[in-house]
Number of protein chains: 2
Amino acid sequence: MSLRHALIGVLADEPRTGYGLLKHFEQSLAYAWPASHSQIYPELARLLAKGLIRQTGAGPRGARVYEATPDGLDEVCRWLRTEPDRRVRSDAALRIFFLWLLDPGEAAVFLAAERDRFRTLLAELERIEAEEEPRTPKQRAYRVALVGGLLTLRARIEWAEWALREVEAWR
Amino acid sequence: MSLRHALIGVLADEPRTGYGLLKHFEQSLAYAWPASHSQIYPELARLLAKGLIRQTGAGPRGARVYEATPDGLDEVCRWLRTEPDRRVRSDAALRIFFLWLLDPGEAAVFLAAERDRFRTLLAELERIEAEEEPRTPKQRAYRVALVGGLLTLRARIEWAEWALREVEAWR
DNA sequence: CAATGACATGTCAAGATTGACATATAGACG
DNA sequence: CGTCTATATGTCAATCTTGACATGTCATTG
């Protein structure tokens, strides 16, 4: 599973609480792998039991601070060397195959919503891009991921605009 | 869930067997929503019980041919008008965030493999694109999805090439 | 000082997904 | 006639994911 490795991987950079991991996922990793607190907390308990992470301290409100152990780091690196699962799941992309079941006007509404969502997301990623120059190895890797998002979104926007013109012709 | 709607949606075009649906998913829908036979067959039984599809005949080797009922078609259209789930899951994309845990040489190997996979897939999609001119509404919708894949893959290839130059500088 | 919102952790049932196990037939080829 | 492959359907346990339920704390603001 990817979640467990992602959790250790984030903790390999710096110690964090479960809640801190949750927020970090929401901000960046969720673009590739969404995770909710109801998944993260039990998974942390499992990783702790397996010795892949350890608790290094505690914060206010019962917060528990974890960090990756050497075993955990080994495990992440091993994972990174295995073949990635290239399957991708996207409900929004799936729906495109069925746009012909709607009338062209409704299909256009859908595509326009997609385009707008892409634009919003792109603006968000561009804001993050402008925020700070990457300095550490970790920041440079995150920047590589970010640029991947930027290029993909620009392509998706271009596609949505083309697709809108296309369904226009369906009327 | 998306799978049940996708199954009805495919059956709205023409009657198919469970196996036919499986192969159809593998060829096209799997790019957006992978599904295995162990998911498809039980789901078809549920859709049948709910009256969203019906069996119209039988083929060799116990094959069962299904088609969408009017209720099923309604259900798909209702689904298409709801907000899509914009969450996307990609193990390969997630790994980018952790490339800094590998040495630059290994990161480059990963990115080169990604680039190659994208190129192979692009060639495959370009072959499908050249295959036949879309004529029916359904074919036109599939073409819209296909062009989405083409534009996205070209952007991903551009990104992978840039990322490779980037990690080159990490050495 | 009371209310609110962000912080912080947890559980659980329902549903979705995977990968393995299981079985059988039709057609093609040697 | 035997073998192999593609066709064809099914089940099941393990795992993953979701969304709801549940609880409590800290800091800010009115």
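Order of the sequence lines fixes the chain letters, A, B, ..., with proteins taken first and strands second; residue numbering starts at 1 for each chain.
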For this session: Would you work out how much the helix from C/dC1-D/dG30 to C/dG30-D/dC1 bends between its ends, with each end axis defined by five base pairs, to 10 degrees?
Result: 30°

Exercise. Rounded to whole angstroms, how far apart are CG on B/Leu44 and C1' on C/dA16?
Worked result: 16 Å

Seminar exercise, completed: Per nearest nucleotide of DNA chain C, the residue lying toward the 5' end, A/Ser38 or B/Pro60, is A/Ser38

For this session: Compare side-chain N and O positions of B/Arg87 against OP1 and OP2 of D/dT17 and report whether any pair is under 4.0 Å apart.
Result: no

Seminar exercise, completed: When rounded to whole Å, the CD to P distance for the pair B/Glu43 and D/dT9 reads 15 Å

Problem set entry | Under 4.0 angstrom between A/Gln39 side-chain N/O and D/dC16 OP1 or OP2 | no

Problem set entry | Greater than 12 external heavy atoms within 6.0 Å of A/Arg171's CZ | yes

Exercise. Quick check: are there more than 12 heavy atoms from other residues, nucleotides or ligands sitting under 6.0 Å from CZ of A/Arg127?
Worked result: yes

Exercise. Between B/Arg4 and C/dA16, is there a side-chain N or O to OP1/OP2 distance below 4.0 Å?
Worked result: yes

Problem set entry | From C/dC7, C/dT18, D/dA8, nucleotide with atom closest to B/Ala63 side chain | D/dA8

For this session: For B/Asp85 and for B/Arg61, find the nucleotide of DNA chain D with the closest heavy atom, then tell me which residue's nucleotide is more 5'.
Result: B/Arg61

Problem set entry | Length of the CD1-P vector between B/Ile40 and D/dC12, whole Å | 19 Å

For this session: Please determine, for the side chain of A/Pro42, which listed nucleotide (C/dT17, C/dT11, D/dT11) has the closest atom?
Result: C/dT11

Exercise. Quick one: is D/dT9 close enough that its OP1 or OP2 comes under 4.0 Å of any side-chain N or O from B/Tyr41?
Worked result: yes

For this session: Would you please confirm or rule out a distance under 4.0 Å between OP1 or OP2 of D/dG10 and any side-chain N or O of B/Arg64?
Result: yes

For this session: Give a yes/no on whether any side-chain N or O of B/Arg89 is located under 4.0 angstrom from OP1 or OP2 of D/dT18.
Result: yes

Exercise. Are side-chain heavy atoms of B/Trp33 and A/Phe97 found at a separation under 4.5 Å?
Worked result: no

Exercise. Quick check: does any side chain N or O of B/Thr69 sit under 3.5 Å from a backbone N or O of B/Leu52, one acting as donor and the other as acceptor?
Worked result: yes

For this session: Among the candidates C/dG10, C/dA20, C/dT18, find the nucleotide nearest to the side-chain atoms of B/Ser36.
Result: C/dT18

Exercise. Does B/Tyr19 make a side-chain N or O approach to OP1 or OP2 of D/dT7 shorter than 4.0 Å?
Worked result: yes

Exercise. Does B/Phe25 have B/Lys23 sitting over its ring (NZ/CZ under 6.0 Å from centre, angle to axis within 45°)?
Worked result: no

Problem set entry | 4.5 Å side-chain heavy-atom contact, B/Glu75 and B/Lys50 | no

Problem set entry | Separation of D/dA8 P from B/Gln55 CD (nearest whole Å) | 14 Å

